[in-house]
Amino acid sequence: MNLVPEDADPSENRAAARSAAAASPANRVTFNRIELNRILNLYGRMVADGEWRDYSIDFLRDRAVFSVFRRASEVPLYRIEKDPRLARKQGMYSVISATGLILRRGHELERVLLVLAPKPALV
């Protein structure tokens, strides 16, 4: 069953869909490559320690969210958020716990992630 009328040019539909898809990511907040690299380095260390098992990334209109899970079926343990609206105020990066408590907020991602970094153990 064809939903496109026979007199319509299929390439016009593809072009319209392509332009709509290209326009939508432009208004979303994302993590850049350096930010994502720092977050994934921390994630890899915590997975190696057995603390974290899964993650998700959401790119929304107003913020980007990296969520960390102990198990995939649970609520996230932590959310690492980037909200550019707060860049001139408290800082655009924040780490939020599962209860909604903001653990740390700041202008530099590396310093904000220190709240989640594993503490050195005494041997």
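- Atom-to-atom distance recorded for R28:CZ and R61:CZ is 6.5 Å, nearest 0.5 angstrom.
- Checked against salt bridge (charged side-chain N to carboxylate O under 4.0 Å, His left out), D62 has the following partners two or more places apart in sequence or in another chain: R85.
- Closest heavy-atom contact between R53 and G50: NH1-O, 3.7 Å.
- Legend: residues meeting side chain to side chain contact (heavy atoms under 4.5 Å, CB included) with N37, ordered by chain and number and at least two apart, are N41.
- M46 and L77 fall within the same hydrophobic cluster, where Ile, Leu, Val, Met, Phe, Trp and Tyr residues are linked whenever their side-chain heavy atoms come under 4.5 Å apart, directly or through other members.
- Using a 4.5 Å cut-off on side-chain heavy atoms (C-beta onward), V29 and P84 make contact.
- Identified under the salt bridge (Lys or Arg N to Asp or Glu O under 4.0 Å) test for residues 90-101, with sequence neighbours left out: none.
- Note: L86 CG to S94 OG = 7.5 Å, rounded to the nearest 0.5 Å.
- Considering all non-hydrogen atoms of both residues, A98 and P76 come closest at CB-O, 3.3 Å.
- Note on residues 32-55: pairs passing ring pair (Phe, Tyr, Trp, His ring centres under 6.0 Å), not counting sequence neighbours, are Y43-Y55, Y55-F66.
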Under 3.5 Å donor-acceptor pairs involving side-chain atoms of residues 107-114, not counting sequence neighbours:
from	atom 1	to	atom 2	distance (Å)
H107	ND1	A87	O	3.2
E110	OE1	R38	NE	3.0
E110	OE1	R38	NH2	3.3

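- Remark: S97 engages T99 in a side chain to side chain donor-acceptor pair (under 3.5 Å) (not counting sequence neighbours).
- Between R63 atom CZ and D58 atom CG the span is 8.5 Å, to the nearest 0.5 Å.
- Residues I57 and Y93 share a single hydrophobic cluster, defined by chaining ILVMFWY side chains whose heavy atoms lie under 4.5 Å apart.
- In the hydrophobic cluster analysis, where Ile, Leu, Val, Met, Phe, Trp and Tyr join through side-chain heavy atoms closer than 4.5 angstrom, M92 is grouped apart from L60.
- When hydrophobic residues (I, L, V, M, F, W, Y) are linked wherever their side-chain heavy atoms come within less than 4.5 Å, the members clustered with I96 are I102.
- Considering only residues two or more places apart in sequence or on other chains, R105 meets the salt bridge (charged side-chain N to carboxylate O under 4.0 Å, His left out) condition with none of them.
- V115 is linked by a side chain to side chain contact (heavy atoms under 4.5 Å, CB included) to V95, L103, R104, counting only residues two or more places apart in sequence or in another chain.
- In this structure, the side chain to side chain donor-acceptor pair (under 3.5 Å) partners of R79, at least two apart in sequence or on a different chain, are E81.
- In the hydrophobic clustering of this structure, I34 does not group with L42; members are Ile, Leu, Val, Met, Phe, Trp, Tyr whose side-chain heavy atoms approach within less than 4.5 Å, directly or through other members.
- Summarising the local packing, OH of Y78 is surrounded by 12 or fewer heavy atoms from other residues, nucleotides or ligands at distances under 6.0 Å.
- Residues F59 and T30 come closest through the heavy atom pair CD2-CA, 3.6 Å.
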